[in-house]
**Student:** 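Could you have a look at this structure, given as structure tokens, before my questions?
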Amino acid sequence: MHVELPSQYNPKETENKWYKFWQEHNLFSAKPNPTKKPFCIVIPPPNVTGILHMGHALNNTIQDILIRYHRMKGEESLWMPGTDHAGIATQNVVEKAIAKEGLKRQDLGREKFLERVWQWQKEYGSTIIHQLQKLGASCDWQRTRFTMDEDYSRSVIEAFVRLYEKGLIYQGNYIINWCPRCQTALSDEEAPHKEIQGNLYYLRYPLKQGQSLSGTVPAYIVVATTRPETMLGDTAVAVNPKDKRYKKYIGQTLILPLINREIKVIADAMVDMKFGTGAVKVTPAHDPNDYTLGKKHHLEFVNIMYADARLNENAGEYKDMDRFAARDIILKDLKEKGLLEKIEPHQLSAGHCYRCHTIIEPYLSKQWFVKMSPLSKPALEVVRKGKIKFYPKRWTKVYLNWMENIQDWCISRQIWWGHRLPVYYCKNCPNLQQAGIIVSRIKPDKCPSCGSTDIYQDEDVLDTWFSSWLWPFATFKNGEDLKYFYPTSSLVTAPEIIFFWVARMIMAGLEFMQDIPFKDVYIHGTVRDIEGKKMSKSLGNIIDPLEIIHEYGADALRFSLISITAQGQDVFLSKERFQQGRNFANKIWNASRFILMNLTQGLSPQGTVPAIDLCVFFKKEDLDIVNRWILSRFYTVLKETNKNLEAYKFNEAANTLYGFFWHEFCDWYLEMIKSDIKNQRNQVVMYKVLEKFLRLIHPFMPYISEEIWQRIYNQGQSPGGGVPGNSIMIQPWPHVQEQMIDKKKEDKLNLIFEIIASIRNIRQELEIPLQKEIGVIIASPNQENRKLIEEMSGQIKKIAKLSNLNINAKYSHVKSSVSGVIKDVHVTCLLSGIIDLEREKAKLDARIRELAAQISAKKKTLSNKAFLKKAPEEIVEKESDGLKELNGILKRIKEIKNELQ
RNA sequence: GGGCGCUUAGCUCAGUUGGUUAGAGUAUCUCCUUGACAUGGAGAGGGCCACAGGUUCGAGUCCUGUAGCGCCCACCA
């Protein structure tokens, strides 16, 4: 078989071809198979409004590696794909689109608007899926699910109803995070706090006239606030009961400026005496702490804002102003009245909408909540007991800490795109506490309480995460699949998703399935740019994975990303980084090209290389040292790769494979067998190692490994001629052949490498061109070494370009030569007339100094009695052997120096 | 205010359970187009492992503290 390959790997030509091939032959599909162990990953559903970014690329490459690895290991491997309806994000995108037509969603009405969303969904919803396919993701696409699918939606409703029936869902008036731009409530997780630079404003609230306070205290109280506009909603001022400064004011009445409302001074231990003035304005409808105070002290709740954060009729003359515009005017008015005492710069943290980054407003409204503490208890247990493990471990603590302090979850959203709450109201009995509320899987015909048919559904939809928390089981359409694949195996995601999704899936799994949703959670790092900034569109520091795929290929992208991603560490990326992956792909390509060009016909009777087991073809005793060495190295690397993959250390696996293939297989092995490449042992071993290596690299670099594989087995035919059973992606993962691992053989070859390196070094330093062959004498008193060198002499001569090589037991000086010493092996290069004596002497002197230092350090260690007593025997032995060796080398070097004259 | 991570070669980072000569990629310098590959080969230089203590025969690795950077969480108005 002589396969002609171009000298450069061209990813563009191969990628689409093989992806199509895999799909056409259904190689991604997985079904329950009782004879096989299941392995399952559910994809973190990418947001349909997004485009593929590096975070996705990393996330999905990791999953694909796991899936392809387990598939090859013979497990029934399912990667369940799907997308998320991303309620707020998608609605925002569609609202923007219709805004171009001058329309608001209200102009269209709910039904028409949702039609537009579905239309958008149809058009763009699968963009991200196509991009994942470019990356090589081997998801079972036929199973692709969408959180708004009919049966998925049924599961969502079912979950709501069951929790409601259990008393774990309730409706209530509370302060929630309100996004005035999206005009919806948000959960705590959706309103992350960010530091902002603001001010602390000190406002004077005068005492009601006619109230008398003994002494000379001022007739006002100064309160400090960061949001002065909320003063319009104040219904009290609170002080700490222990605060001597304010004792006299407690119970007194103040006049709230601008609005002229009478408010009381109340005492509560919640007030921090040290902050601000020690007196705090209380706005129960616009601050969570004040809300608590308001409830406790039976204060009035005055809501001063519309949903869009303009002030409402309770704001008097400030009605209709935006909250921030009103702030300036209110401050100006207070200043005019002499009621603004001072302004201090103040850092504060405020919640921001995670979708549009608007500062959220704590807002009193009627919402639906999930009572979380009953759900959290079992979710804490399974992680504490290690039934679910986090990789890296440290995230366990983050998870537990959040779970221990869990707050009730606000799940109602005032948007249209999403699962509408299965809550219905009877118009006839609205005043009865519960009677008018009907929670039902299907719309009821009549009110179960009064029989009225005048029933309407709640306008709100559910938080998107209320559907995604069911993902590990709601994605399965039938019970057989669910039974086989649930609990799933690994979950791969980013740290910011732990609370949103991972924690909630664990709770949902335990609640609805009575079992954990997955066993391992692998948390990978965040992808950042070279300056450590998070990659984001707004910063303009994006490296577009699709561009990298276009330029370097998907395999290059995958390999580079993985090789630099240490477990759980953030990834700092620059575009140049991807050249490494491209170069590696090219290296694999060319090594394969070389091997295929040199494989003899005999090995491939029908143009197909038979799958000969090495152990059958040759007894290991029949193999020469070079082949024994590369096989030992291969199986060692296989062992390490297995270990690293099982431990989620993908970078270490990738780098081990890289180093092995490039530096051991190509740089040494292929170079050494080149001169005798038609030798049958070499033929079989080089082919076998390549073939097995391709399998190992396949999870990381699926395209190039398949391309070469197919060229071997299908004579480079186009995919049409390919046999599906021949795809590399379903070949068995190699087994470790322990009997082939031989560390002593590896050491022996290392000695040869050092000898060659030392000759090369001498050549280079003396600028002896490669074309000029030189003579070398290698001397060693060790007979085994001499035998080894004798055995390897052909390769040494070839690689080091020697005219002849003498092997002696005894060292003897030769004029005009330069020597290198490796252990007890002396390498003498015969170089008449080109030796600079002074330079050589200087070099030897430097070496002598270095050796002397090492020797004295070793002597010191070995003369330390505590060391001899306490260190393990093998370490002591190693040290004294080392000392002996160093002394030998030093002696030799000194002799060489003397002989140099 | 808590918690976590990082600090190792010019740059980006590895370094598993402590073992004495600290690795890779990239960049730099020198040489080489030799029939797989210049997206390549060979060689070289480059490090007080942030700092200060401690444990130990032995510390990049374990402990304590300090500094800088970066994340996450938290109801100081």
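All values reported here derive from a predicted model rather than from experimental measurement. Residue numbering restarts at 1 for every chain, and letters A, B, ... go by the order of the sequence lines.
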**Student:** Please report the distance separating the C1' of B:U7 from the corresponding atom of B:U20, rounded so that it comes out in whole Å.
**Tutor:**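 It comes out at 24 Å once rounded to the nearest Å.
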**Student:** P atom, B:U26 versus B:U33: distance in rounded Å?
**Tutor:**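 22 Å, rounded to whole Å.
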**Student:** Going from NZ on A:K869 to CG on A:N864, what distance comes out if it is rounded to the nearest 0.5 angstrom?
**Tutor:**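 Going from NZ on A:K869 over to CG on A:N864, the span is 11.0 Å.
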**Student:** Would you mind telling me which of B:C76, B:U21, B:A14 lies closest to the side-chain atoms of A:K858?
**Tutor:**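 Within the option list, the nearest is B:U21.
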**Student:** Is it the case that the side chains of A:E344 and A:Y202 hold a donor-acceptor pair, with the cut-off being a distance below 3.5 Å and no angle test?
**Tutor:**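 Looking only at side-chain atoms, A:E344 and A:Y202 do form a donor-acceptor pair, the distance falling under 3.5 Å.
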**Student:** Considering only the C1' atoms, how many Å lie between B:G15 and B:A9, rounded to the nearest integer?
**Tutor:**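 Roughly 14 Å separates the two C1' atoms.
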**Student:** It should be established whether A:K878 places a side-chain nitrogen or oxygen under 4.0 Å from OP1 or OP2 of nucleotide B:U20.
**Tutor:** yes
**Student:** Among B:U20, B:C73, B:A74, find the nucleotide with the atom closest to the side chain of A:F499.
**Tutor:** B:C73
**Student:** Between B:G15, B:U20, B:U39, which nucleotide has the shortest distance from any of its atoms to the side chain of A:E652?
**Tutor:** B:G15
**Student:** Is there a side-chain polar atom (N or O) of A:H346 under 4.0 Å from OP1 or OP2 of B:C76?
**Tutor:** no
**Student:** What nucleic acid atoms does A:P872 come within less than 4.0 Å of, heavy atoms only: base, sugar-phosphate, or nothing?
**Tutor:**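 A:P872: base contact, heavy atoms under 4.0 Å.
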**Student:** Over 60° means perpendicular and under 30° means parallel, so classify the ring planes of A:W668 and A:F753, tilted if in between.
**Tutor:** parallel
**Student:** Under 3.5 Å, is there a donor on one side chain and an acceptor on the other for A:K281 and A:T230?
**Tutor:**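 Per modelled atom types, A:K281 and A:T230 side chains form a pair under 3.5 Å.
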**Student:** Dot-bracket for RNA chain B, 5' to 3', with Watson-Crick and G-U pairs under 3.5 Å, [ ] for crossing pairs and | for other-strand pairs: what is it?
**Tutor:** (((((((..((((.....[...)))).(((((.......))))).....(((((..]....))))))))))))....
**Student:** List the protein contact pattern of nucleotides 23-36 of chain B with one symbol per nucleotide (5' to 3'): B for base contact, S for sugar-phosphate-only contact, - for none; contact means a heavy-atom distance under 4.0 Å.
**Tutor:** --S----BS-SB-B
**Student:** Between B:A52 and B:G60, how far apart are the P atoms? Round to whole Å, please.
**Tutor:**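 Those two atoms are separated by 13 Å.
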**Student:** Could you give me the CA-CA distance, side-chain angles and deciding distance for A:N655 and A:E652, then say whether side-chain hydrogen bond (donor to acceptor under 3.5 Å, both in side chains) is met?
**Tutor:** CA-CA 5 Å; A:N655 291 327; A:E652 291 189 35; over 6 Å; no
**Student:** Say you pick atom C1' in B:G46 and the same atom in B:U61; how far apart are they, in whole Å?
**Tutor:**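 These two C1' atoms come out 23 Å apart once rounded.
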**Student:** Pairs under 3.5 angstrom, nitrogen or oxygen only, protein versus nucleotides 3-6 of chain B, please.
**Tutor:**
from: B:G3; atom 1: O3'; to: A:K397; atom 2: NZ; distance (Å): 3.3
from: B:C4; atom 1: OP1; to: A:K397; atom 2: NZ; distance (Å): 2.9

**Student:** Taking the six-membered ring for Trp, are the ring centroids of A:F693 and A:F661 within less than 6.0 Å of each other?
**Tutor:**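 Yes, they do, as the ring centres are separated by less than 6.0 Å.
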**Student:** Would you indicate whether A:H550, at its atom NE2, is surrounded by more than 12 heavy atoms from other residues, nucleotides or ligands within a distance under 6.0 Å?
**Tutor:**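 It does not: A:H550 NE2 has 12 such atoms or fewer within range.
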**Student:** Taking any heavy-atom pair under 4.0 Å as a contact, classify A:W662: base, sugar-phosphate, or nothing.
**Tutor:**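 The answer is sugar-phosphate, as A:W662 gets under 4.0 Å only of primed atoms, P, OP1 or OP2.
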**Student:** Please confirm whether A:Y363 and A:W178 have ring centers closer than 6.0 angstrom.
**Tutor:**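 Centroid separation for A:Y363 and A:W178: below 6.0 Å.
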**Student:** Of A:K296, A:K295, A:K242, which meets salt bridge (charged side-chain N to carboxylate O under 4.0 Å, His left out) against A:D268?
**Tutor:**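 Testing A:D268 for a salt bridge (charged side-chain N to carboxylate O under 4.0 Å, His left out) against A:K296, A:K295, A:K242 leaves exactly one candidate, A:K296.
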**Student:** Please check the phosphate of B:A44 (OP1 and OP2 only) for any side-chain N or O of A:N761 closer than 4.0 Å.
**Tutor:**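 Answer yes for this pair, as a side-chain N or O of A:N761 is under 4.0 Å from OP1 or OP2.
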**Student:** Using the ring centroid of each side chain, check whether A:H346 and A:F275 are separated by less than 6.0 Å.
**Tutor:**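 So the answer is yes for these two rings.
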**Student:** So, for A:Y552 and A:Y9, is the gap between ring centers shorter than 6.0 Å?
**Tutor:** no
**Student:** Does the pair A:L690 and A:S592 meet the rule for a side-chain contact (heavy atoms from CB on, under 4.5 Å), with working shown?
**Tutor:** CA-CA 7 Å; A:L690 172 69; A:S592 308; 3.6 Å; yes
